[in-house]
Amino acid sequence: MAIFNYKKREISAKIVYYGPALCGKTTNVQQIHQKLNPRQRGDLVSLATDADRTLFFDFLPIELENVGGFKTRFQIYTVPGQVYYNSTRKAVLTGVDGVIFVADSQISMEQENLESLNNLIENLKYYNRDITQIPMIMQYNKQDLDEIMSLEQLDALLNQRKLPSFAASAVTGDGVLQTLTACCKQVLNDLKRKSVRADPGSSPQKPSKTTDAQKTLNKTATPTPPPRPQSAPDIRPQNITEEPTSQTDKRPPFAFPETNQAQPTSGEPFKPTIAQVGKARLINPQTISLPIRLATDNDPNKLLSVDITFSINNFIQTNL
Ligand SMILES: Nc1nc2c(ncn2[C@@H]2O[C@H](COP(=O)(O)OP(=O)(O)OP(=O)(O)O)[C@@H](O)[C@H]2O)c(=O)[nH]1
Ligand SMILES: [Mg+2]
């Protein structure tokens, strides 16, 4: 669930890319990582198999400066699309604030798209959450390929709710930032609505029960509650743009979200134990790849690769 920290004037929210195997979720996040100014984003953490299939998730923190006077952080996750990783998909959905459903536009993927959408509905139900109450954007990916469904066919198949939908080609980057921008806007509008509802002063009727948004606010309250703003912040984001790195921009680099904010707050525990670590390999001057074996995996030959990226001002140590 999103966290408002009124004292630090920060909002933190979670967006999950969902969709069938190989539809392009990881490629979307890689493009976002490449396109955004390094000051707007942290490092990309990918937990993948040797064949570059997502095993747990990809994670990318991004930050929008000054949305209604608030620093706004989004934690972007992808799920593993392969059918048998459902418990991981469920875990990644913990506390989600917005979903981007990436559909594979190829005609041959019709069934997989439907199954993945139904799987999303089911996994949200596990958390007693209704998909219609969660900000959501559709992305019709792989538009560069032949033998794809038309946008109208994809809408008829997957989007009876008429959610905003974007045609995209994640390999070229077309439509990637537009999709993300639309989702960020929806999430912020949703948070604004909830915060207005949770603010008794701005509500015509006092709610009789504690709402989810109030619970979230209570959870983040410090022992001496900081003064609340007069009204809910005006959270209209600017478009997320491809920004060339500006040498004169003195804003601090993105700080990795505090551990207690990045961790799921409820649901399944998600802490795989490492049984064995192999020899590190240098992928590029900033990135090493570590082969690891999980304690849950008895096959000594089944190693996963974990990529760890370093940058000068921002050192990330994963918990995994
Ligand atoms: N032609 C084309 N290929 C794409 C596009 N997006 C992704 N791909 C390719 O599709 C393959 C799978 O992409 P990924 O981003 O790894 O897919 P994923 O959804 O993360 O897959 P899982 O992690 O297994 O769920 C890769 O070879 C990508 O290069 C696209 O828009 N067009
Ligand atoms: Mg992936």
Side-chain angles (χ1 to χ4, degrees), residues 14-36 43-61 75-93 96 99-120 122-123 136-151 153-154 158 165-180 182-183 242 270 272 283 287 289 294 302-309 318 320:
K14 175 174 177 179
I15 290 177
V16 173
Y17 279 76
Y18 212 93
L22 298 176
C23 66
K25 301 175 290 295
T26 298
T27 311
N28 261 275
V29 176
Q30 287 168 342
Q31 285 284 355
I32 295 164
H33 180 257
Q34 264 176 35
K35 284 172 180 283
L36 289 189
D43 293 334
L44 174 59
V45 177
S46 290
L47 298 172
T49 66
D50 270 349
D52 274 344
R53 305 293 300 272
T54 303
L55 180 72
F56 291 116
F57 52 76
D58 304 292
F59 171 69
L60 177 68
Q75 289 142 26
I76 297 178
Y77 287 82
T78 70
V79 296
Q82 293 181 83
V83 175
Y84 38 87
Y85 292 139
N86 195 44
S87 55
T88 307
R89 274 195 295 281
K90 219 184 261 177
V92 174
L93 279 177
V96 65
V99 173
I100 293 174
F101 186 85
V102 181
D104 189 324
S105 303
Q106 295 178 92
I107 295 169
S108 58
M109 289 296 286
E110 182 175 329
Q111 199 53 36
E112 283 83 351
N113 287 326
L114 276 174
E115 278 168 16
S116 178
L117 190 56
N118 285 328
N119 175 254
L120 170 63
E122 284 308 309
N123 281 344
M136 187 163 156
I137 300 288
M138 306 297 290
Q139 183 190 76
Y140 302 141
N141 193 33
K142 303 204 180 180
Q143 286 290 312
D144 54 296
L145 294 179
D146 298 329
E147 304 194 7
I148 55 174
M149 290 177 265
S150 68
L151 300 182
Q153 284 171 324
L154 284 157
L158 302 166
S165 61
F166 292 84
S169 168
V171 272
T172 63
D174 289 345
V176 167
L177 288 185
Q178 291 88 331
T179 310
L180 178 64
C183 190
E242 267 173 74
F270 190 57
I283 305 283
T287 307
S289 179
L294 298 182
K302 195 166 167 200
L303 296 180
L304 317 170
S305 78
V306 180
D307 291 353
I308 304 173
T309 303
T318 79
L320 296 168

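Predicted, not measured: the structure shown is a model, and the values here were computed from it. When a ligand or atom number is given, it counts from 1 through the structure's own listing order.
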* Answer yes or no: does an N/O atom from T27 fall short of 3.5 Å to an N/O atom of ligand 1? => yes

* Structure fact -> Output for pair (L151 CG, Y140 OH), nearest 0.5 Å, gives 8.0 Å

* So is G19 in contact with ligand 1, going by heavy-atom distances below 4.0 Å? -> no

* Structure fact -> atom 6 (N) of ligand 1 has as its nearest protein heavy atom N141 ND2, 3.2 Å

* To do: First locate atom CG of N141, then atom OG of S169, and finally report the distance between them rounded to the nearest 0.5 Å.
  => 6.5 Å

* **Nearest-0.5 Å distance, OG of residue S108 to CE of residue M149** => 8.0 Å

* **Which segment of A48 sits under 4.0 Å of ligand 1 when only heavy atoms are counted** => neither

* To do: Answer whether the closest heavy-atom distance between the side chains of T54 and V79 falls below 4.5 Å.
  => no

* **Check: D174/Q143 side-chain N/O donor and acceptor closer than 3.5 Å** => no

* To do: For atom 21 (O) of ligand 1, grab the closest protein heavy atom and report residue, atom and distance to one decimal in Å.
  => L22 N, 3.0 Å

* Structure fact -> Note: L93 and K14 closest approach over all heavy atoms is C-NZ, 4.3 Å

* Would you kindly specify which portion of T26 sits under 4.0 Å from ligand 1, judged on non-hydrogen atoms: side chain, backbone, both or neither? => both

* the Mg ion (ligand 2) contact by T78, N, O or S atom under 2.8 Å -> no

* Check: R89 side chain, Y84 main-chain N or O, donor-acceptor pair, under 3.5 Å -> no

* Asked: Is there any N or O on L145 that sits under 3.5 Å from an N or O of ligand 1?
  -> no

* Using distance alone, decide if ligand 1 has a nitrogen or oxygen within less than 3.5 Å of any nitrogen or oxygen in G81. => yes

* Structure fact -> closest protein heavy atom to atom 23 (O) of ligand 1 is T54 OG1, 2.8 Å

* Under a 4.5 Å cut-off applied to non-hydrogen side-chain atoms, are L36 and L177 in contact? -> yes

* Using a strict 4.0 Å cut-off to heavy atoms of P80, name the atoms of ligand 1 that fall inside it. => 25 (O)

* Going by the atom numbers of ligand 1, which of them fall below 4.0 Å from some non-hydrogen atom of A21? -> 25 (O)

* Is a side-chain donor or acceptor of Q106 paired with a backbone partner of E147 at a separation under 3.5 angstrom? -> no

* Structure fact -> One should read off an interatomic distance between E112 CD and D104 CG, to the nearest 0.5 angstrom, of 8.5 Å

* F57 versus T88: any side-chain heavy-atom pair under 4.5 Å? -> no

* Asked: What atoms of ligand 1 come closer than 4.0 angstrom to any heavy atom of R53?
  -> 24 (O)

* Asked: Closest non-hydrogen protein atom to atom 17 (O) of ligand 1, residue and atom name please, with distance?
  -> G24 N, 3.2 Å

* Asked: What protein heavy atom sits nearest atom 19 (O) of ligand 1, and how far off is it?
  -> K25 NZ, 2.7 Å

* Structure fact -> Taken to the nearest 0.5 Å, the spacing of I76 CD1 from Y17 OH works out to 5.5 Å

* Which heavy atom of the protein is the closest neighbour of atom 32 (N) of ligand 1, given with residue, atom name and distance? -> D144 OD1, 2.8 Å

* To do: For atom 14 (P) of ligand 1, state whether the nearest protein heavy atom is under 4.0 Å away.
  => yes

* Contact check: T27 to the Mg ion (ligand 2), N/O/S below 2.8 Å -> no

* Structure fact -> Vertex the Mg ion (ligand 2), ends T26/OG1 and T54/OG1: angle to nearest 10° comes to 90°

* To do: Can you measure from CG (L117) to CD (E122) and round to the nearest 0.5 angstrom?
  => 11.0 Å

* Between A168 and ligand 1, is there a nitrogen or oxygen pair with a distance under 3.5 Å? -> no

* At what distance is the nearest protein heavy atom to atom 3 (N) of ligand 1, and which residue and atom is it? -> V171 CG1, 3.8 Å

* Kindly give the heavy-atom pair with the smallest separation between P20 and K25, and that separation in Å. => O-NZ, 2.8 Å

* **Residue and atom name of the nearest protein heavy atom (relative to atom 31 (O) of ligand 1), distance in Å to one decimal** => A170 N, 2.9 Å

* Non-hydrogen atoms of T78 versus ligand 1: any pair closer than 4.0 Å? -> no

* **Atoms of ligand 1 close to S169 [distance to a heavy atom under 4.0 angstrom, numbered from 1]** => 31 (O)

* To do: Search all heavy atoms of L154 against all heavy atoms of S105 and return the closest pair with its distance.
  => CD1-OG, 3.7 Å

* What about Q82: any of its N or O atoms under 3.5 Å from an N or O on ligand 1? -> no

